[in-house]
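For reference, the structure is listed below as structure tokens.
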Amino acid sequence: MVFANSQYSEHSNSRILFLHFPHFSKRLFLVSLPSELAGTAAIMEYNFRDIESKWRQQWAANKPFKAADISDKPKYYVLDMFPYPSGAGLHVGHPLGYIASDIFARYKRLKGFNVLHPMGYDSFGLPAEQYAIQTGQHPAITTAENVARYRDQLDKIGFSFDWDREVRTSSPEYYKWTQWIFKQIFNAWYNNDTDKAEHIDGLIETFRTKGNASVNACSDYETVFTSEEWNTKPSKEQSDILMEYRLAYLADSWVNWCPALGTVLANDEVINGVSERGGHPVEQKLMRQWSMRIKAFAERLLTGLETVDWTESVKDIQRNWIGKSVGSSVRFPLWRGIEGEDSEQFIEVFTTRPDTIFGVSFMVLAPEHPLVNEITTDEFRSAIEAYKTAASLKSERDRQADVKNITGQFTGAYAVHPFTGENIPIWIGDYVLASYGTGAVMAVPCGDQRDWDFAKHFNIPIKNIFKDVDISEAAYAEKEGTITDSGFLTGLPIKKAMETAIQAIEEKGIGKGKTNYRLRDAIFSRQRYWGEPFPVFYKDDIPQLVDDANLPILLPEVDKYLPTEDGEPPLARAEQSAWNHFEGDRMETNTMPGWAGSSWYFLRYMDPHNEQAFVSKEKADYWNQVDLYIGGSEHATGHLLYARFWTKFLKDMGFINFDEPFKKMINQGMILGRSSFVYRLADNKTFVSSSLKNEHDVTPLHVDISFVDNDKLDIEAFKNWREEYKNAEFILEEDGSYICGSEVEKMSKSKYNVQTPDELVEKFGADTLRMYEMFLGPLEQFKPWDTKGINGVHNFLRKLWRLFYNEGNIIVTDAEPTKDSLKTLHKTIKKIEEDLERFSFNTGVSNFMICVNELTEQKCHSRSVLEQLVILLSPYAPHVAEELWEALGHEAGSISTAAFPTFNPDFLVEANFAYPVSFNGKMRFSAELPTSMSAQEVQAAVLAMPETEKWLEGKEPKKVIVVPGRIVNMVV
RNA sequence: GCGGAUGUGGUGAAAUUGGUAGACACGCCAGACUUAGGAUCUGGUGCCGAGAGGUGUGCGGGUUCGAGUCCCUCCAUCCGCACCA
């Protein structure tokens, strides 16, 4: 090896050699050398490497961050969204939220709280399984490797996690309880009368003694039976009926089927008609699947949002997703073909505008509506069939893309208007969704733009029921105005007409006031291997639960992680002997979705090793809600909704005492990567520099950012990157360099723009990384990663170090601090505390910089000042704080038991500004003054300020009033 | 279309209830030290202007002694939902 430009680095210490490699222009490599090579001059500098490894070891050995289960201190629960341990490892974006929560957790400890700050892994999931399919390696092995890597990376950043409480969703000790919770949900129904989930046994008892007439449940089952009827039903039928009530149930549902992934997906896992993972097309398919009756909790999920401190935007996303609409159901009888005679059959619709019922001029059914075949007349049968086929071939995505194309088909059938007796033509059209409401709408073209468009397109007459409103160009959708031409509703204002219409509908017995939710039940089974097995077996085709004593049902070994040839899930490959517990005719071979394990992990941290319960009541009562949850807002419609749902369920069943899991949440913004591009010509071997690319026809290709420095490509490194680039040719800039293009994108392995925290920790230290990530900008903001400013933060820590050490000697004195130093200190205490309380970590870092700049200028080396500063700093830069705390003569590691410094306003002594704050004959000043000053002193100080003189313009104040809040009123 | 958020120097950004706009940091400029520097130190740095001074927080208006902050109109960007009856 040639140490062409080797030199001692000044800013770490002499045991670090900076090397310039000739072929890697301007890239620094760090190599540790034996300490005997160390120059004496360097020991005195801030040596983050030694400091950090020392404290890493100390913390690992002494576990100062272990949370006590019993404590006199008030509790505080700070939680991060646990990561999925992917093969790529952590990039600099992951720790952003973790650093913020760690700072806050450490701050709360200093403030005297018993803090629970745990970490774990959401370790079931698709990528490990995809990798297993490719390599044949068991996902448990890859998962364990990835977890080890994550742990190593996390440890380097100096987090204060209580690792004794680590959970992994894929470990049997954990998923035993996920299975157990599933059993509870299966054994429950939702009682609308008590507005609670209740045990299914109570429902069965009611069926046995009274039938189901009196039951008000969340269920689509509408057939009424008596106790005698129930008691004589065969057990299979009883089981089927109970399925209609259970909160975890097996049913034929329209599901999002993703052929490429070979599994069904929940609605939140489908984005714009393609799968969230991989972006594969998703189609609608009728399949027998496990679902969770989350709909039962819709109203509580909505109202519960009022009680939590989350951002409006996440709350709105959830409100939107739940999609509450208030209106009425209405039944339209079918026309039998004889004037004045109704059929017994009817079409039920849901409408939010019952006031417009007299404006109905046609009805539209979803193509999948069960009555379509029955009502279609022979004349239209072939056309209807053709339309249905065409609609079923359209993927969800095409259907969405096709919004502007109006399609539909008349069935030949008519319904009867319940109030006017008029005949109403029945159409089908794919703008009506089978999955929402009843899958049918009453079309009011004068009041709904979609109905209006449909009517125009098919020349259906449009009846206007709005007084003095022109509907010739567009529908009138406002809810202001007067209804006309509408029988008993004529002359009523719209809002009043709504109430009157619902009343009439209910009196006539053709419907009732109803609330509909857009939220659909959540599909709970996946046709995959790497997930929790269901604690379910089948006997005579009836699903039954495995006894608690036999939990967990372990994931059985299989020969391949693919579906079977006849399309069964991978678990169907397992021999009977491969199951640790086999019962009945067959085991359930679906697995649970990723959100199962993550819907309750925050509870397990409270009591992670409990073998008798998922969490003991006592510990759940003590730790209670998560006080602060930090994570991405992208989980708004997934994890965050499901976790709320399970929490409400567990509360109803009496296992826990709270109804909302996350009291306050902060959504950290994503850190984006800055990708670099090279531009290749069609010949596949010539690359054009960025500024010249417009003169050629080029294909942009991502290039690994480690070959690029300041947009300049390291050509040699690039050539060696891949075989195909060995003989690459370049069209260069005038100065002979190759300049890459760049773009800000999400960090991803495939874009070669991933910055790992490891190399930054190596180069600058964990404390610098922690502070720099906070310094980047507001926590919530999305921002591109950029290392430009990291030196500034590193310099701050070095300046800090120099307040304590000079040429290797500690220079802290016991001398009385100066007034200025105390002012700086107390200003900083105040600001840092305020910054922490409002989660403004970026300004926190800035305020430390200001503080150290000022203390340096004041040549302050006073022990009493520096001691307080070190405590203040310890949440942000814990390693160096511990080191300096020890250097000040404290017992090693005792800083975690120190108390947060107390702000004393008396040190901010000078009245150094004044502004008039109101002017009504009175002049009001606001001034920064010490509380210890008497009213007279304050008055004198304010009058002496040059600003006051300016505002008084030479006049004498007639009267001066000093207000306790240090506000001074003067009457001029 | 509906809902939410944001808009401040060359850059990341501060400005807590309306009170000296641009703190702090990056970058840049000049100087010092140095064999060298992407090290360190000192000074400068919103814009226009030699200067005094003027001007300035997306545009236009309003309230106020005083507006980045509050109110109204518009513009731009980002995010979420989107035939949801």
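Residue numbering restarts at 1 for every chain, and letters A, B, ... go by the order of the sequence lines. These figures come from a predicted structure and were not determined experimentally.
A straight line from CD of A/E348 to P of B/A85 spans 16 Å, rounded to a whole angstrom. In this structure, A/D355 atom CG and B/A85 atom C1' are separated by 13 Å, rounded to whole Å. The CG atom of A/N667 sits 21 Å away from the P atom of B/C78 (whole-angstrom rounding). Nucleotide B/A13 holds its C1' atom 12 Å from the OH atom of A/Y772, rounded to whole Å. Nucleotide B/A85 holds its C1' atom 18 Å from the CH2 atom of A/W427, rounded to whole Å. Atoms CG (A/D451) and P (B/C83) sit 15 Å apart, rounded to a whole Å. Spacing between atom CD of A/Q781 and atom P of B/U8 amounts to 10 Å, rounded to whole angstrom units. Rounding to whole angstrom units, CD of residue A/E634 and C1' of B/C79 are separated by 12 Å.
Side-chain proximity of A/D430 to B/G4, B/A85, B/C83: nearest is B/C83. Counting only heavy atoms from C-beta on, A/K831 has its side chain closest to B/U16 among B/C26, B/A25, B/U16. Closest to the side chain of A/V441, out of B/G4, B/C24, B/A85, is B/A85. Here B/U40 is the nucleotide among B/C81, B/U40, B/A85 with the atom lying nearest to any side-chain atom of A/R798. When each of B/C81, B/C24, B/A15 is scored by its nearest atom to the side-chain atoms of A/T843, the top-ranked nucleotide is B/A15. Nearest nucleotide to the A/Y431 side chain, out of B/C24, B/A14, B/C83: B/C83. Closest approach to the A/K799 side chain among B/A25, B/U16, B/G80 is made by B/A25 (side chain taken as heavy atoms from C-beta onward). Side-chain proximity of A/T352 to B/G3, B/G80, B/A85: nearest is B/A85.
Considering only side-chain N and O atoms, A/N853 lies under 4.0 angstrom from the phosphate OP1 or OP2 of B/A25. Between B/G80 and A/R319, no contact under 4.0 Å exists linking OP1 or OP2 to a side-chain N or O. Contact annotation: A/N795 side-chain N/O to B/U40 OP1/OP2 distance is under 4.0 Å. Regarding contacts with the backbone of B/C83, every side-chain N or O of A/R518 stays at 4.0 angstrom or more from both OP1 and OP2.
At the heavy-atom level, A/N516 lies nowhere under 4.0 Å from the strands shown. Using a 4.0 Å heavy-atom cutoff across all strands shown, A/S313 reaches sugar-phosphate atoms only and no base atom. At a threshold of 4.0 angstrom between heavy atoms, the contacts of A/F775 include nucleobase atoms, whether or not backbone atoms are also involved. Residue contacts for A/D448: at a heavy-atom cut-off of 4.0 Å it reaches no nucleic acid atom on any strand shown. In this structure, A/N842 reaches the sugar-phosphate backbone alone: every heavy-atom distance under 4.0 Å involves primed, P, OP1 or OP2 atoms, never a base.
With both ends at atom C1', the span from B/U57 to B/U20 equals 15 Å, rounded to whole Å. When the C1' atom is used for both B/A15 and B/A21, the distance is 7 Å, rounded to whole Å. Distance noted for atom P between B/C28 and B/G37: 15 Å (whole Å). The same atom, C1', is picked in B/A25 and in B/A14; the two are 11 Å apart, to the nearest Å. Here the separation of B/G58 from B/G68, taken at their P atoms, is 10 Å to the nearest Å. Distance noted for atom P between B/U16 and B/C2: 33 Å (whole Å). The same atom, P, is picked in B/C59 and in B/C75; the two are 15 Å apart, to the nearest Å. Nucleotides B/A32 and B/A76, compared at atom C1', are 47 Å apart to the nearest Å.
For B/G10, the paired nucleotide is B/C26, the pair qualifying as Watson-Crick or G-U wobble because both relevant distances are below 3.5 Å. Base pairing analysis places B/C33 opposite nothing; no Watson-Crick or G-U wobble pair with both distances below 3.5 Å involves it. Across all strands shown, nothing is found opposite B/A52 as a Watson-Crick or G-U wobble partner with both distances under 3.5 Å. Using N1 to N3 plus N6-O4 or O6-N4 for Watson-Crick, or N1-O2 and O6-N3 for G-U wobble, each under 3.5 Å, B/C81 pairs with B/G1.
Here B/G9 is in the syn range [glycosidic angle within 90° of 0].
Note on A/D453 versus A/K456: no salt bridge recorded, every NZ/NE/NH1/NH2 to OD/OE distance being 4.0 Å or above.
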Practice problem: Decide yes or no on ring pair (Phe, Tyr, Trp, His ring centres under 6.0 Å) for A/Y476 and A/F466, but give the supporting numbers first. | Solution: CA-CA 8 Å; A/Y476 178 75; A/F466 298 110; 5.2 Å; yes

Quiz item: What do the steps show when you test A/Q858 against A/T824 for side-chain hydrogen bond (donor to acceptor under 3.5 Å, both in side chains), and what is the final call?
Solution: CA-CA 10 Å; A/Q858 295 157 10; A/T824 297; 2.9 Å; yes

Exercise. Before giving the answer on ring pair (Phe, Tyr, Trp, His ring centres under 6.0 Å), spell out for A/F458 and A/F362 the whole-Å C-alpha distance, their side-chain angles and the decisive distance to 0.1 Å.
Key: CA-CA 11 Å; A/F458 291 107; A/F362 58 100; 8.7 Å; no

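Nearer to the 5' terminus of RNA chain B, by closest-nucleotide assignment, is the contact made by A/K783 (compared with the other of A/S325 and A/K783). Of the two residues contacting RNA chain B, namely A/Y436 and A/V793, the nearest-nucleotide position lying further toward the 5' end is that of A/V793.
Side chains of A/D835 and A/Y107: a donor-acceptor N/O pair is absent below 3.5 angstrom, by distance only.
Separation of atoms CD1 (A/I829) and CG (A/L869) is listed at 9.0 Å; rounding is to 0.5 Å.
Taking A/T768 as the reference, A/H794 meet the side chain to side chain donor-acceptor pair (under 3.5 Å) condition, with sequence neighbours excluded.
Each of A/F841, A/F764, A/Y876, A/W785 was scored for a ring pair (Phe, Tyr, Trp, His ring centres under 6.0 Å) with A/Y772, with one residue passing: A/W785.
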